[in-house]
Amino acid sequence: MYPGPRDAGSWRDAGPDAPARRPRRRGRLRRRPGRTAGRRRWADPTPAEGWTIAHQIAHLAWTDAQAVVAATDAAAFAGIVEQAMADPGGFVETGAREGAVEEPARLLARWREGRRRMVEALAAVPPGTRLPWFGPPMSAASMATARLMETWAHGEDVADALGERRAPTSRLRHVAHIGVRTRDFAFRNRGLEPPVEEFRVALRGPDGDEWTWGPPDARQSVTGPALDFCQAVTQRRHRADLALAATGPDADRWLDVAQAFAGPPGTGRAPSRA
């Protein structure tokens, strides 16, 4: 889940990428040699403690379904939020656990169909409408961007479990944008006062172009590869394993607490090297 940035742009900025982000992982899940072998891989553990590949896909299917409710029935979604507030940790775990026991082909089909329904639901939201979520309300474009972010992040877990590396693309800009816009959330989530001043964030995209946020003359900054920044804000890699540089004490602290998704502070990953 994700707290939601302010508007990340128009629906056309994010929407077309929403269905395009996922097929590569689906292919990896299907192209295991033999039906039995493929089914076993769904039970492979991922870096998320206690979660298999099936848990990861079930969680994405579950969260996409919540997005559909948020976009189509605000009253029903308010009831879902009440359930989440009553059991913040277990609520999400239950959705993943229940889905993970499904037969893999059925789970995969449910995820695909749910994604299609979510894209249609978000595309139908009238301009200017704010959708309820588990954090601040957001626009349909921001919701689409948030779903891209989370799908990419959980996709990293699946790729790690399968021992594969995904080639980064320019779509990472959506993930990076959320990482930048959730800076203050990340500080508050740790009980810290957010910095008053803006940071300069300058990232090198997969194609070599520069992606920037914040004033050029900012005293504090974060620079480095866009992939590394996205892995940092989604807590898929430890800071020690990333080629990110921070200038200024607040920017340096941000890289320790960055979190682009909703929920309590994440534990992140342990460093891969001493």
S.K.: First locate atom CE of M118, then atom OG1 of T63, and finally report the distance between them rounded to the nearest 0.5 Å.
M.R.: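 These two atoms lie 10.0 Å from each other.
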S.K.: To the closest 0.5 Å, what do you measure between CZ (R183) and CG (D250)?
M.R.: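 Rounded to the nearest 0.5 Å, the CZ-CG separation comes to 8.0 Å.
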S.K.: Does atom CD of E49 have more than 12 heavy-atom neighbours, drawn from other residues, nucleotides or ligands, at distances under 6.0 Å?
M.R.: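 No, because the 6.0 Å sphere around CD of E49 holds 12 heavy atoms or fewer from other groups.
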S.K.: Is a side-chain donor or acceptor of D241 paired with a backbone partner of P271 at a separation under 3.5 angstrom?
M.R.: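 Judged by distance alone, no pair lies under 3.5 Å.
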S.K.: Specify the closest pair of heavy atoms between M143 and A70, including all atoms of both residues, with the distance to one decimal.
M.R.: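 Looks like CE-CB, 4.2 Å.
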S.K.: So do L227 and Q231 actually touch side chain to side chain, heavy atoms under 4.5 Å?
M.R.: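 Q231 reaches L227 side chain to side chain.
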S.K.: Are any non-hydrogen side-chain atoms of V222 and W254 less than 4.5 angstrom apart?
M.R.: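 Answer yes - side chains close enough.
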S.K.: Go through the steps to decide whether L122 and L131 satisfy the test side-chain contact (heavy atoms from CB on, under 4.5 Å), and finish with yes or no.
M.R.: CA-CA 10 Å; L122 293 179; L131 302 178; 3.8 Å; yes
S.K.: Show your reasoning for whether side-chain contact (heavy atoms from CB on, under 4.5 Å) applies to S272 and H238.
M.R.: CA-CA 8 Å; S272 64; H238 191 277; over 6 Å; no
S.K.: Looking at V233, I178, L172, T182, which one forms a side-chain contact (heavy atoms from CB on, under 4.5 Å) with M149?
M.R.: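 Among V233, I178, L172, T182, the one that satisfies the side-chain contact (heavy atoms from CB on, under 4.5 Å) with M149 is I178.
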S.K.: What are the two closest heavy atoms between A159 and R166, and how far apart are they?
M.R.: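 Heavy atoms only, the tightest pair is CB-CG, 4.1 Å.
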S.K.: Do R269 and D157 meet the salt-bridge criterion of a basic N to acidic O distance under 4.0 Å?
M.R.: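 Salt bridge: yes.
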S.K.: Hey, could you give me the CG/OG distance between D252 and S221, rounded to the nearest 0.5 Å?
M.R.: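 Separation between the atoms: 11.0 Å.
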S.K.: Go through it in stages, so that I can follow the logic: the residues are H154 and T234, the test is side-chain contact (heavy atoms from CB on, under 4.5 Å), and I'd like the CA-CA distance, side-chain angles, deciding distance and then a yes or no.
M.R.: CA-CA 9 Å; H154 287 282; T234 58; over 6 Å; no
S.K.: For a 4.5 angstrom cut-off between non-hydrogen side-chain atoms, does I57 reach W42?
M.R.: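 Of all side-chain heavy-atom pairs linking W42 with I57, at least one is under 4.5 Å.
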S.K.: Just by distance, do the side chain of R115 and the backbone of E113 share a donor-acceptor pair under 3.5 Å?
M.R.: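 Absent.
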S.K.: Using a 3.5 Å cut-off and no angle test, enumerate the donor-acceptor pairs between side-chain atoms of residues 191-208 and protein atoms at least two apart in sequence or in another chain.
M.R.:
{"unit_1": "E197", "atom_1": "OE2", "unit_2": "R219", "atom_2": "NH2", "d": "2.9"}
{"unit_1": "E197", "atom_1": "OE2", "unit_2": "Q220", "atom_2": "NE2", "d": "3.4"}
{"unit_1": "R200", "atom_1": "NH1", "unit_2": "G214", "atom_2": "O", "d": "2.6"}

S.K.: Which value, rounded to the nearest 0.5 Å, describes the distance between S170 atom OG and W211 atom CH2?
M.R.: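 Taking OG in S170 and CH2 in W211, the distance rounds to 6.5 Å.
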S.K.: Evaluate D160 against R165 for salt bridge (charged side-chain N to carboxylate O under 4.0 Å, His left out), listing each step before the verdict.
M.R.: CA-CA 7 Å; D160 287 346; R165 181 183 179 278; over 6 Å; no
S.K.: Quick check for you: to the nearest 0.5 Å, what is the distance between Q56 atom CD and E150 atom CD?
M.R.: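 One finds 9.5 Å between CD of Q56 and CD of E150.
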S.K.: Taking all non-hydrogen atoms of both residues into account, name the closest pair between G99 and L107 and its distance.
M.R.: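 Here G99 and L107 meet closest at O-CD2, 3.8 Å.
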S.K.: To the nearest 0.5 Å, what is the distance between CD (Q259) and CZ (R188)?
M.R.: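 These two atoms lie 14.0 Å from each other.
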S.K.: Counting only heavy atoms from other residues, nucleotides and ligands, does the tally under 6.0 Å from CZ of R117 exceed 12?
M.R.: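 Check fails, neighbour count at 12 or below.
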S.K.: Is the closest side-chain heavy-atom distance between D256 and R239 below 4.5 Å?
M.R.: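 When only atoms from C-beta onward are counted, R239 and D256 do touch, with a gap below 4.5 Å.
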S.K.: Can you name the side-chain hydrogen bond (donor to acceptor under 3.5 Å, both in side chains) partners of D44, sequence neighbours left out?
M.R.: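 For D44, the residues satisfying side-chain hydrogen bond (donor to acceptor under 3.5 Å, both in side chains) (neighbours in sequence not counted) are R41.
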S.K.: Would you say the side chain of I53 lies within less than 4.5 Å of the side chain of L162, judging by non-hydrogen atoms?
M.R.: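 Yes, side chains in contact.
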S.K.: Under 3.5 Å, is there a donor on one side chain and an acceptor on the other for E93 and W51?
M.R.: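 Looking only at side-chain atoms, W51 and E93 do form a donor-acceptor pair, the distance falling under 3.5 Å.
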S.K.: Scan side-chain atoms only and decide if S142 and T145 contain a donor-acceptor pair under the 3.5 Å cut-off.
M.R.: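 Looking only at side-chain atoms, T145 and S142 do not form any donor-acceptor pair under 3.5 Å.
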S.K.: Do T52 and T46 have side chains that get closer than 4.5 Å, going by heavy atoms?
M.R.: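 No, side chains not in contact.
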S.K.: Ignoring hydrogens, what is the shortest heavy-atom contact between Q235 and A258? Give both atom names and the distance.
M.R.: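 Here Q235 and A258 meet closest at NE2-O, 3.1 Å.
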S.K.: Is the shortest distance from a Lys or Arg side-chain nitrogen in R236 or D228 to a carboxylate oxygen in the other one below 4.0 Å?
M.R.: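 Here R236 does not pair with D228 in a salt bridge, since their nearest N and O are not under 4.0 Å apart.
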S.K.: When you measure from the side chain of T129 to the backbone N and O of P126, does any donor-acceptor pair fall under 3.5 Å?
M.R.: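 Yes.
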S.K.: For the residue pair R190 and G266, what are the closest heavy atoms and their distance?
M.R.: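 Closest pair (atom of R190, atom of G266, distance): NH2-O, 3.1 Å.
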S.K.: What's the shortest heavy-atom distance between A232 and L244, and which atoms?
M.R.: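 Shortest heavy-atom separation between A232 and L244 comes out as CB-CD1, 3.8 Å.
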S.K.: Flag the pair W152 / H174 as yes when their ring centroid distance falls below 6.0 Å, and as no otherwise.
M.R.: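 Centroid separation for W152 and H174: 6.0 Å or greater.
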S.K.: Should V101 and W111 be regarded as members of a common hydrophobic cluster, given that ILVMFWY residues are connected when their side-chain heavy atoms come within less than 4.5 Å of each other, either directly or indirectly?
M.R.: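 As far as the 4.5 Å side-chain criterion goes, W111 and V101 are not connected within one cluster.
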S.K.: Heavy-atom distance under 4.5 Å between the side chains of I80 and F91, does that happen here?
M.R.: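 In contact.
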S.K.: Which residues satisfy the ring pair (Phe, Tyr, Trp, His ring centres under 6.0 Å) test with F77, sequence neighbours excluded?
M.R.: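 In terms of ring pair (Phe, Tyr, Trp, His ring centres under 6.0 Å), with neighbours along the sequence ignored, F77 is linked to W133, F134.
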